[in-house]
Amino acid sequence: MVKEKKERRNSLPELEASDVPGGVVMRIAPGPSGPLHLGHSRVAVLNDEYVKMSGGRLVNRFEDTNPEKVDPEAYHMIAEDLEWLGVDVHETVHQSDRFQRYYDVIRKLTEMGHAYICLCDSNDWREMKVACQACGCRGSGPEDNLERLDRLLSSHYSAGEAAAVVKTAVDHPNPALRDFIALRQVDHPHPRTGDRYNVYPMMNLSVAVDDHDFGITHVMRGKDHLNNTHRQGFIYDYLSWTRPVFIHYGLVSIPDTVLKTSVIGQGIKEGEYKGWDDVRVGTLRALRRRGISPEAIRRYWLEVGIKQVDVQVSWDNLFAINRDIVEPEAKRFFFVPEPVKVSVEFDGTTESSCPLHPDRPEMGVRRHSFQGDFQVHICSEDHEELRRKGMLRLKGLCNIESGETCRHAGDDKSVSRQGVRIVQWAPEGSLPAEVVMPDGGLTRGLVEPLDASPGDVVQFERFGFVRIESVDDGVRAVYAHR
RNA sequence: GCUCCCGUAGUGUAGUGGCCAAUCAUGAGGGCCUCUCGAGCCUUCGACCCGGGUUCAAAUCCCGGCGGGAGCACCA
């Protein structure tokens, strides 16, 4: 083995037991309550990457087992988000198609004496659990429990009255692992199954069953699921199923961003946010709008890896990766925020010339012609500099001297060595432009007529990289980063 | 309260007993270059949570602290 230290790591560590014939089978399991956000993208990218490394298969499993939390729009939004991320889904599964299967499994467990139907008040049940005590229902035999299960499944009870519980051990030292609920009744129509069912599985049942049924070889999830993994382990053991390899990565915290789907959804309803792609929120569609490329997100998560340490997302690092990807392709244009008009005395003809990309002359140049006196706009801060210093260089055009009106002062580029500031400018015929800033506010100004299409990421010189959103009588763009 | 997980620079990461007076990236400072405050080049700053032990040798193994996080839902 050749040691390759000093190299920036660009691949993930090998998975445990990854030499599966036909490649690993992995899954992502989004709850369809809204579109994907940056946090979700980690598990999606990592799973996808491992599947690709071994030529395996990736299952996208919609965990829509709580009808109260399903947003019917989310199914296709998530699919779109995954596609945008470049995640290859080989099979899509809806848990809402599989309720009967979960019922069958719980019936089996009940027959085996590993599950019971509890009719206790949920608070009492919880308190007894904390006290390591079994409730009255726990002791009843399989016969009685099967009878109760039938009643539960035939709407004999009302919601909250009965629940199917998987037995573990009431005196398990870890309180999180003492008996857990597997099925319960919810009287709420489901977007996909309507009111055909009203008994829904809890995730520990449905996840264990599905991971087994679909032959998942490796399960990757946040370490907040560590206890769920243990709970699901009981089901595997009771049914003599082989467990997949479980990998738990550390929790992700993402600063300065609203991530919680419910909070964003609420904000949209209340008019606080304009939609799921509002630049202030952390959804993938917001990041896409902001000109963050899916490759940058992928590279970012590959760099972070799958350690169990909690990580804090660094926007700086993500932006740096994005800049690296976007910079070589980004056309340069002049955008002038807070424009101030400057009249320039001039008695010749000239033409400005600025490259579309300073390091790639083959991309061409932008030109503007001038004859006689002319006017340009520069930003107010540069205008102050002009008054302070008396001179400014209009990049690619000429130098100007301040006065009553300004004066063309030659085209000697070397003035910059004497400390003359080189600035961007907007010629007559420029378009009004507004740039959506990360705080949701707008920066208005003028932009030179630009050869760019919606979706392009360009650089507004001395301002930053932006993603063009629309171009017609005016230009609308979204700020990405410096 | 109980249980579990984790602890390398501001951030992320490499490192699995000697090649570590610790890698790479990002960031911050300085310089060069460039008709952008972008890119590029050079350079500086900056970390093994603490304390014991094992060993000729510990970031790496063991024990104990401390710190951070998570779970103990009829959410996922």
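The figures that follow rest on heavy atoms only: side chains count, while hydrogens, waters and symmetry mates do not. Labels below follow one simple rule: chain letters A, B, ... track the order of the sequence lines, proteins then strands, and each chain is numbered from 1.
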> Which nucleotide, in any strand shown, forms a Watson-Crick or G-U wobble pair with B:rG64, with both distances under 3.5 Å?
Replying inline: B:rC50

> Separation of A:M203 atom CE from B:rC72 atom P, in whole Å?
Replying inline: 10 Å

> A:S416 near the nucleic acid: base, sugar-phosphate alone, or nothing, with a heavy-atom cut-off under 4.0 Å?
Replying inline: nothing

>> Can you check the distance between B:rC56 and B:rG10, where both ends of the measurement are the P atom (answer in whole Å)?
In response: 35 Å

> Rounded to whole angstroms, how far apart are CD on A:E68 and C1' on B:rA76?
Replying inline: 13 Å

> Under the side chain to side chain donor-acceptor pair (under 3.5 Å) rule, what pairs show up with a residue in residues 244-256 of chain A, not counting sequence neighbours?
Replying inline: A:T229-A:H248

> For A:D97, what residues pass the side-chain hydrogen bond (donor to acceptor under 3.5 Å, both in side chains) criterion, not counting sequence neighbours?
Replying inline: A:R192

>> Pairing check on B:rU34: which nucleotide meets the Watson-Crick or G-U wobble criteria with it, both distances under 3.5 Å?
In response: none

> Looking at B:rC74, B:rA76, B:rG69, which one has an atom nearest to any side-chain atom of A:N66?
Replying inline: B:rA76

Under 3.5 Å, which N/O atoms of the protein pair with N/O atoms of nucleotides 5-7 of chain B?
from	atom 1	to	atom 2	distance (Å)
B:rC5	O3'	A:Q308	OE1	3.3
B:rC5	O2'	A:Q308	OE1	2.7

> Paired with B:rC19 by Watson-Crick or G-U wobble geometry, both distances under 3.5 Å: which nucleotide is it?
Replying inline: none

> Which residues satisfy the side-chain hydrogen bond (donor to acceptor under 3.5 Å, both in side chains) test with A:D104, sequence neighbours excluded?
Replying inline: none

>> Could you tell me how far apart A:R231 (CZ) and B:rA73 (P) are, to the nearest whole angstrom?
In response: 8 Å

> Distance between the P atoms of B:rC62 and B:rU54, in whole angstroms?
Replying inline: 15 Å

>> Strictly by Watson-Crick or wobble contacts shorter than 3.5 Å, is anything paired with B:rA25, and which nucleotide is it?
In response: B:rU11

> Counting any heavy atom closer than 4.0 Å, what does A:G396 reach on the DNA or RNA strands: base, sugar-phosphate only, or nothing?
Replying inline: base

>> With a 3.5 Å limit on both atom pairs, tell me what B:rA70 is paired to, counting Watson-Crick and G-U wobble, or say none.
In response: B:rU3

> Once each nucleotide of nucleotides 37-44 of chain B is scored for protein heavy atoms under 4.0 Å, what B/S/- sequence comes out, 5' to 3'?
Replying inline: BBS-----

> Can a salt bridge be assigned to the pair A:K69 and A:D64 using a cut-off of 4.0 Å between side-chain N and carboxylate O?
Replying inline: no

>> Please determine whether the number of non-hydrogen atoms from other residues, nucleotides or ligands lying under 6.0 Å from atom CD of A:Q418 exceeds 12.
In response: yes

> For the residue pair A:F335 and A:F460, does the interplanar ring angle fall in the parallel (under 30°), tilted (30 to 60°) or perpendicular (over 60°) class?
Replying inline: parallel

>> Taking atom types as they are modelled, would you say the side chain of A:D316 forms a donor-acceptor pair with the base of B:rU11 within the 3.5 Å cutoff?
In response: no

> Who are the side-chain hydrogen bond (donor to acceptor under 3.5 Å, both in side chains) partners of A:R366, not counting sequence neighbours?
Replying inline: A:E448, A:E461

> Which comes earlier along RNA chain B counting from the 5' end, the contact point of A:F460 or that of A:S314, where each point is its nearest nucleotide?
Replying inline: A:S314

>> If I pick the P atom on B:rA59 and the same atom on B:rA47, what distance separates them, to the nearest angstrom?
In response: 15 Å

> Can we say A:E385 and A:R388 salt-bridge, meaning some charged N sits less than 4.0 Å from an Asp/Glu carboxylate O?
Replying inline: yes

>> Over all strands shown, is A:N317 touching base, sugar-phosphate only, or nothing at heavy-atom distances under 4.0 angstrom?
In response: base

> Just how far, in rounded Å, is C1' of B:rG15 from CD of A:E303?
Replying inline: 16 Å

> Heavy atoms under 4.0 Å, any strand shown: does A:H225 hit a base, just sugar-phosphate, or nothing?
Replying inline: base

>> Students often get this wrong, so: under 4.0 angstrom with heavy atoms, is A:M202 touching a base, only sugar-phosphate, or nothing?
In response: sugar-phosphate

> Once you round it to whole Å, what is the distance between C1' of B:rC2 and CD of A:E127?
Replying inline: 16 Å

> By ring-ring contact (aromatic ring centres under 6.0 Å, His included), which residues pair with A:H172, not counting sequence neighbours?
Replying inline: none

>> Can you check the distance between B:rU55 and B:rG68, where both ends of the measurement are the P atom (answer in whole Å)?
In response: 35 Å

> OG1 of A:T92 to CG of A:N60: how many Å apart, nearest 0.5 Å?
Replying inline: 5.0 Å

> Atom CZ in A:R243, atom NE2 in A:H212: separation rounded to 0.5 Å?
Replying inline: 13.0 Å

> If the P atom of B:rC32 is compared with that of B:rG69, how far apart are they to the nearest Å?
Replying inline: 45 Å

Scan nucleotides 29-32 of chain B against the protein and return all N/O pairs shorter than 3.5 Å with their distances rounded to 0.1 Å.
none

> On a whole-Å scale, what distance lies between the C1' atoms belonging to B:rU8 and B:rG1?
Replying inline: 33 Å

> Should B:rA59 form a Watson-Crick or G-U wobble pair with both distances under 3.5 Å, which nucleotide is its partner?
Replying inline: none

>> Say we look at B:rU43 and B:rA70: how far apart would their P atoms be, to the nearest angstrom?
In response: 42 Å

> Ion pair present between A:K129 and A:D179, side-chain N to carboxylate O less than 4.0 angstrom?
Replying inline: no

>> For A:D121, give me all partners under salt bridge (charged side-chain N to carboxylate O under 4.0 Å, His left out), at least two apart in sequence or on another chain.
In response: none

>> Heavy atoms only, 4.0 Å cut-off, all strands: where does A:C120 land among base, sugar-phosphate and nothing?
In response: base

> How many Å lie between CG on A:D124 and P on B:rA73, as a whole number?
Replying inline: 14 Å

>> Heavy atoms within less than 4.0 Å of RNA chain B: which residues of residues 173-184 of chain A have one? Give them sorted by number.
In response: A:P173, A:N174, A:P175, A:A176, A:I181, A:R184

>> Just N and O in the side chain of A:S253: are any of them under 4.0 Å from OP1 or OP2 of B:rG69?
In response: no

> What is the distance, rounded to the nearest whole Å, between atom CH2 of A:W425 and atom P of B:rU36?
Replying inline: 15 Å

>> Mind checking if A:G160 touches a base, just sugar-phosphate, or nothing, with heavy atoms under 4.0 Å?
In response: base

>> Are more than 12 heavy atoms, taken from residues, nucleotides or ligands other than A:E401, located less than 6.0 Å from that residue's CD atom?
In response: yes

> How far does the P atom of B:rG12 sit from the matching atom of B:rG27, given to the nearest Å?
Replying inline: 15 Å

>> Checking A:D439 now: which residues fulfil side-chain hydrogen bond (donor to acceptor under 3.5 Å, both in side chains) with it, not counting sequence neighbours?
In response: none

> What integer distance in Å separates A:Q232:CD from B:rA76:C1'?
Replying inline: 11 Å

>> Going by ring-ring contact (aromatic ring centres under 6.0 Å, His included), name the residues that satisfy it together with A:F246, two or more places apart in sequence or in a different chain.
In response: none

> Does A:R27 pair with A:E63 as a salt bridge, N-O distance under 4.0 Å?
Replying inline: no

